[in-house]
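The structure displayed is predicted, hence computed values, not measured ones. Proteins come first, then strands; the chains are lettered A, B, ... in the order of their sequence lines, and each starts at number 1. Computed over heavy atoms, backbone and side chain alike; hydrogens, waters and symmetry mates excluded.
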There are 2 protein chains.
Amino acid sequence: MKDIKTHPIGGNAGRNRTHNRRVVLDYVRANEPTGRAEIAKSCGLSFQAVSNIIEALETEGLLVAVGHKTGVRGQPAAQYKFNPESAFAIGVELRPNALICATLNLKGDCIYRERLSLEDSSPDKAIPQVCDMVDRAIAHCKRSRAQLLGVGVVMPGPFGAADMADMNAAILPDWENIDIKAVFEAALECPIIAENDATAAAISERVAGVARSMDTFCFLYFGAGLGLGVITNGHAQNGAYGNFGEIGHIVTQVGGTKCSCGNEGCLETYVSRLSVQKFMANRGIDIADADSLTKLLEQNNPALIEWIDIAATHLSQAIGILENIFDPETIVFGGAMPDSVTDALISRLQLPRGSVANRKNRKINRVMRGSSGHYTAAIGGASMIIHQITTPSMALYS
Amino acid sequence: MKDIKTHPIGGNAGRNRTHNRRVVLDYVRANEPTGRAEIAKSCGLSFQAVSNIIEALETEGLLVAVGHKTGVRGQPAAQYKFNPESAFAIGVELRPNALICATLNLKGDCIYRERLSLEDSSPDKAIPQVCDMVDRAIAHCKRSRAQLLGVGVVMPGPFGAADMADMNAAILPDWENIDIKAVFEAALECPIIAENDATAAAISERVAGVARSMDTFCFLYFGAGLGLGVITNGHAQNGAYGNFGEIGHIVTQVGGTKCSCGNEGCLETYVSRLSVQKFMANRGIDIADADSLTKLLEQNNPALIEWIDIAATHLSQAIGILENIFDPETIVFGGAMPDSVTDALISRLQLPRGSVANRKNRKINRVMRGSSGHYTAAIGGASMIIHQITTPSMALYS
DNA sequence: TACTTAATTCAAATAACTTGAATAAACATT
DNA sequence: AATGTTTATTCAAGTTATTTGAATTAAGTA
């Protein structure tokens with residue numbers, strides 16, 4: 001996904017303006033409703049600069065005035081907030097057997113979703129389907145294409161698996177060596193961001209989920225395997241070669257279950273959709289879909305409880321690793337698991353004592369469930385687009 | 001070390017200039033000697049903008065012209081490189097029983113070092129000693145205080161241990177709740193950056209060590225415990241509360257050795273200075289200092305070899321974790337261990353197969369030894385100062 | 001020797017932010 | 001109820017650092 005070495009580039013008036021627009025939008029996002037003077041103070045800009053930017057954003061429709069702040073001295077400050085209907089973004093999740101699409105308004109509310117089964121996920125077949133899907137989403141939401149901020153394309157990682165000595169084949173082998181961003185830019189004629197599912201999911205929680213006001217947190221994504229997305233200082237981590245977050249293949253039990261990657265005792269052999277399916281199949285129970293898991297949990301199925309306990313043990317170890325490495329504000333769980341199973345996993349965790357996260361006076365939990373359900377990845381795709389226009393590229397902290 | 005929530009701030013002409021200076025300096029650092037036109041092309045700036053900045057940098061003495069590039073068509077391009085003698089930075093490492101000081105010129109060469117044993121490391125006693133040490137360094141290097149870019153203060157983490165439920169007391173308890181940056185700014189009247197040892201060490205490898213041309217890599221720091229510093233896209237990771245990188249307390253053996261943090265089987269109970277001291281003491285061998293380790297290794301001492309094998313096993317697991325999480329360009333080992341012991345550890349690693357780093361066509365090793373020896377932390381302190389003036393705050397790529 | 005290529009210089013032009021003075025409107029005080 | 005204080009807002013320059021464009025310089029190439 002990333003390969004050519006780039007270099008940080010300089011700023012000029014135009015790029016500075018772009019940055020400042022994002023700084024302002026990010027502040028409004030996190031603090032709405034808010035006024036120009038407050039933004040100016042918080043963002044280190046003059047009132048006039050903010051005023052000009054707000055005026056432009058209001059003209060474009062991204063922000064709307066919502067009355068005046070009273071109750072304090074001084075001239076009442078005009079308050080602004082996001083205009084959720086002014087623009088929208090689309091996320092597309094590409095899986096081996098399905099296409100999933102989510103449309104979000106500017107506030108991050110999901111206003112349309114669609115799932116399409118796919119027999120053949122090769123680029124030739126899938127790309128036209130994605131185009132049709134995007135057209136349907138725009139039509140269904142009764143928006144104009146001009147309001148479309150962009151499309152986020154989400155695929156499971158890792159990328160470049162073909163070059164890895166022992167890693168299994170890629171989950172979508174036909175897509176190896178394809179410049180996803182370029183291909184979809186050509187097909188959809190709009191801005192494209194491509195990412196893996198876990199990172200997209202993390203961004204979705206920051207744009208409109210439980211991590212809305214957090215700048216540094218981890219997201220554990222339960223998919224076919226197990227993925228990790230990390231946001232630090234408001235920016236998603238990518239790794240040197242675009243393969244950040246392959247946490248499924250860290251070893252939590254030396255000499256444990258043989259994994260397809262060549263290791264033994266990989267975390268995702270204990271915690272993932274494939275893991276629970278295999279575990280239950282060995283006990284003669286077929287897990288066809290998420291609903292069947294939900295039902296088994298409602299019935300307190302002993303085999304499932306057993307799996308949850310094993311999974312929770314390994315997850316607890318992973319949490320210790322993440323907390324001590326990243327020192328995050330929290331760790332969010334999400335992805336393909338039903339909410340009830342995720343909650344059961346969380347309740348059975350045995351969080352390690354020896355962790356920098358084990359503080360007195362914590363205000364938020366060390367672990368929490370994400371808010372976007374099992375459309376997370378597609379919603380994350382659309383969230384990445386919204387995230388980009390509200391995320392400053394400068395990282396100047398006084 | 002970090003607590004109050006800040007907000008990204010907007011840019012203006014002045015901040016833009018600061019950023020562009022750093023972009024130019026960073027490019028020269030990594031590509032010297034180089035010319036104005038080349039910088040302009042690579043940094044996305046106009047020739048004129050670069051020309052003005054280079055002129056200023058040359059006037060200030062930070063850059064020097066070094067002839068012209070010939071052999072290609074067109075007017076010969078004037079080449080510039082760093083002027084190592086134009087400015088300098090000082091790093092101070094604060095340990096419970098010692099103060100260590102390193103002075104670097106602008107290129108990152110160490111031009112002075114000093115070690116001072118300390119009976120009392122409390123702020124009242126240590127701060128005056130630090131001031132004297134800085135004065136001695138300036139005098140010894142025959143520089144003027146005006147050329148001092150700043151002082152980097154390095155301490156072992158984690159910070160805020162007093163608030164942690166089960167973590168041991170801080171290594172320097174008297175320094176808890178002290179605003180280190182503010183205290184030393186007042187005492188030394190120059191810019192101060194405070195960091196933990198592992199992060200400082202990572203930065204030192206990027207400024208003038210084996211990671212000079214890398215933007216994303218990990219550094220494992222062998223100290224009393226075990227620390228982790230990570231650079232991603234040229235920026236050091238800090239965590240939400242300044243405690244990024246406490247990798248010593250991740251569990252690599254469930255139910256293993258009891259650790260002072262409350263966990264069992266923490267990595268640093270197997271890999272650290274304290275670990276090897278304890279292991280050898282149990283076999284009746286006293287490890288007084290680094291030299292005694294070196295000698296034992298030369299003699300192929302069986303107990304030490306045994307420790308190295310155990311340590312290498314646990315380290316290999318940690319490397320799998322780091323590679324699969326961060327997808328770094330490489331992992332650097334450094335810190336308090338003698339070079340020969342570090343090399344022995346590296347040679348006995350069993351790098352995991354199932355890792356995104358296990359690629360064909362790798363050009364650099366998955367693990368390498370750092371270049372700055374056991375003054376790493378102090379050198380890292382000074383490196384942070386140099387790093388700051390050559391590291392763009394904007395992260396505009398493409 | 002003439003041509004091509006690329007770096008450099010000089011002189012405007014431009015974009016975006018900052019500054020400062022004047023005005024508006026609410027709450028607080030007497 | 002009148003006056004004063006505080007804060008937001010507007011308007012009109014002023015400032016900074018960048019970009020643009022034309023002219024110049026100097027090396028390699030045909």
Query raised in the report: Is there a donor-acceptor pair closer than 3.5 Å between any side-chain N or O of T216(B) and the backbone N or O of N233(B)?
Result: yes
Requested in this report: Measure the distance from CD1 on I39(A) to P on dT7(D) and round it to the nearest whole Å.
Outcome: 18 Å
Query raised in the report: Reading nucleotides 20-30 of chain D from the 5' end, what letters show protein touch, with B for base, S for backbone sugar-phosphate only, - for no heavy atom under 4.0 Å?
Result: B----BBBSS-
Requested in this report: Rounded off to whole Å, could you give me the CD-to-C1' distance for the E58(A) and dT9(D) pair?
Outcome: 14 Å
Report task. Mark yes or no for whether N83(A), through its side chain, and V64(A), through its backbone, hold a donor-acceptor pair below 3.5 Å. Result -> no
Report task. Can you tell me the distance, in whole Å, between the CZ atom of R36(A) and the P atom of dC11(D)? Result -> 11 Å
Query raised in the report: Quick check: does any side chain N or O of R15(A) sit under 3.5 Å from a backbone N or O of G10(A), one acting as donor and the other as acceptor?
Result: yes
Report task. Measure from the side-chain N and O atoms of E205(A) to the backbone N and O of V210(A), and report whether any donor-acceptor pair falls under 3.5 Å. Result -> yes
Report summary line: At a 4.0 Å cut-off to heavy atoms of chain A, the contacted part of DNA chain C spans dA16(C) to dA28(C)
Query raised in the report: Side-chain N or O of N12(B) less than 4.0 angstrom from OP1 or OP2 on dT16(D)?
Result: no
Query raised in the report: For the side chain of H387(B) and the backbone of H235(B), is there at least one donor-acceptor N/O pair under 3.5 Å apart?
Result: no
Report task. Return the set of residues passing salt bridge (charged side-chain N to carboxylate O under 4.0 Å, His left out) with E85(A) (not counting sequence neighbours), or none when no residue passes. Result -> R143(A)
**Report entry** Heavy-atom donor-acceptor pair, R212(A) side chain to A30(A) backbone, under 3.5 Å
**Finding:** no
Query raised in the report: Say you draw a straight line from OG1 of T391(A) to CG of L25(A); how long is it, rounded to the nearest 0.5 Å?
Result: 10.0 Å
Query raised in the report: Counting any heavy atom closer than 4.0 Å, what does N52(B) reach on the DNA or RNA strands: base, sugar-phosphate only, or nothing?
Result: base
Report task. Provide, to the nearest angstrom, the distance between the CZ atom belonging to R17(B) and the P atom belonging to dT15(D). Result -> 18 Å
Query - Pairs satisfying side-chain hydrogen bond (donor to acceptor under 3.5 Å, both in side chains), at least one member in residues 28-37 of chain A, at least two apart - result: D26(A)-R29(A), E32(A)-K107(A), T34(A)-E38(A), R36(A)-S51(A), R36(A)-Y80(A)
Query - First of E38(B) and I53(A) reached from the 5' end of DNA chain C, by closest nucleotide - result: E38(B)
Query - Base-pair map of DNA chain D as dot-bracket, where | denotes pairing with a different strand and pairs are Watson-Crick or G-U under 3.5 Å - result: ||||||||||||||||||||||||||||||
Report task. Kindly determine whether S86(A) and Q147(A) satisfy side chain to side chain donor-acceptor pair (under 3.5 Å), including the steps that lead there. Result -> CA-CA 7 Å; S86(A) 61; Q147(A) 289 179 295; over 6 Å; no
Query - E55(A) CD to dT9(D) C1', straight-line distance once rounded to whole Å - result: 12 Å
Report task. For residues 181-190 of chain B, pull every pair meeting side-chain hydrogen bond (donor to acceptor under 3.5 Å, both in side chains), keeping only residues two or more places apart or in separate chains. Result -> K181(B)-E185(B)
